[in-house]
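Single-structure report; data block below.
Each ligand, and each atom within it, is numbered from 1 in the order the structure gives.
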Amino acid sequence: MNRLGVDIGGTKIAAGVVDDAGRILARFRRETPRTGRGSDVMAEVVDLIGEVSTRYALAAIGLGAKGVIDTVNGIVLQDGDTLPGWGGTDVAGPVRAAHGLPVAVDNDVRVTALGEARHGAGVGFDRLLVASIGTGVGGGLVFDGEIAHGAHGTAGEIAHLLVPGPGALPCGCGRWDHLEAVAAGPAIAAEYSRRSGRRDVRLTEVADLMHGGDELARETIADAGRVLGAALAGLATAIDVDAVVVGGGVAQIGDAFLGPTRSAFLDAVLEPLERVPVVVAALGNDAPIVGAAELVAGIRDETGVIGQGA
Ligand SMILES: [Zn+2]
């Protein structure tokens, strides 16, 4: 039976009706209220789900949300920096109360990883590391088709890996020498600005310049890719994965970024991991919606008991 996957982002709430094969049958979208109150965001989510349920019968609802999530209670433990007032918000409660369906909540990047693992670039791999490189850096680990959470819900949080040399911007956590401060889109753009002397350059402009033959742009993008590849190699070796999936807006630059990522990965992994593929994400912006719906795959009965997935 169809499930609803909801991706609660800093600017938009995107939802999709997802079938058992992981296909999105219908899409819905709202702007995220930026009032500084998480309850206002959840009221919009509940309203959106109400709109969906007038048209589609739903078995369950899965939600991906910013921040560190208490996945047992469906509550945001710690706020990300993209959504003011989000910390402490009860995500599962209002949805369950309004719609009476089984509900599950997890971190948006972990949910994205689950979507790629079950229906995207990670299909067929048992131990998967997913890296999302966009305006920030995030990640997820999916082992045997299930999200690995760790003891504190941070498993897969790769943003704060130490990397060589501070970039031109601080990390989202305020420190300087972290992966996110070198490989995220704003970090690459800021580094290009620093090297070129041009002010206020965005990543899309750096990518356009690179495609137009600007060697400095190509080198700046490649350097970020190499740092990512080396960091992922150390991580992949430590936890021994059988594939690495790289997604997010920066990955969409393509081979100018991913080529150096792959070669640095190969240079840095131990020999038994030399055949571990570094593949590009397959689901794009659909991954968090499909993954959120996968949180509630395998509903067994009307009591809301959630199984281990399809
Ligand atoms: Zn950091």
Side-chain angles (χ1 to χ4, degrees), residues 8-11 64-71 76-88 106-113 129-142 147-195 201-203 206 220-239 241 244-251 253 257-258 260-261 264-265 268 278 281 288:
I8 306 171
T11 56
K66 300 276 174 207
V68 179
I69 308 295
D70 169 356
T71 56
V76 183
L77 291 177
Q78 190 190 322
D79 198 352
D81 55 2
T82 49
L83 199 48
W86 190 234
D106 211 320
N107 168 271
D108 57 347
V109 185
R110 253 64 96 197
V111 159
T112 296
L129 167 60
V130 179
S132 178
I133 317 297
T135 50
V137 167
L141 293 165
V142 183
I147 298 169
H149 290 102
H152 307 92
T154 67
E157 193 52 77
I158 62 172
H160 313 294
L161 288 171
L162 278 172
V163 296
L169 288 180
C171 184
C173 72
R175 301 174 182 91
W176 282 88
D177 39 6
H178 290 178
L179 181 62
E180 183 171 272
V182 176
I188 296 172
E191 180 62 17
Y192 180 80
S193 291
R194 192 181 69 78
R195 294 183 187 184
V201 183
R202 295 164 59 88
L203 179 69
V206 180
T220 304
I221 289 167
D223 285 347
R226 277 189 280 272
V227 167
L228 174 67
L232 291 177
L235 195 58
T237 306
I239 55 183
V241 297
V244 178
V245 174
V246 182
V250 175
I253 291 173
F257 180 74
L258 290 170
T261 301
F265 182 88
V278 177

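Sorted by chain and number, the protein atoms of type N, O or S within less than 2.8 Å of the Zn ion (ligand 1) are H160 ND1, C171 SG, C173 SG, H178 ND1.
Residues V163 and E180 are not in side-chain contact: their nearest non-hydrogen atoms beyond the backbone lie 4.5 Å or more apart. Contact of the H160 side chain with the C171 side chain is registered, since non-hydrogen atoms from C-beta on lie closer than 4.5 Å. I8 has its side chain out of reach of K66: every pair of non-hydrogen atoms, C-beta onward, lies at least 4.5 Å apart.
When atom types are taken as modelled, the side chain of N107 and the backbone of G67 share a donor-acceptor pair closer than 3.5 angstrom.
Once rounded to the nearest 0.5 Å, the distance linking CG of L129 with CD1 of I239 reads 5.0 Å.
Closest heavy-atom contact between G139 and R110: O-NH1, 3.0 Å.
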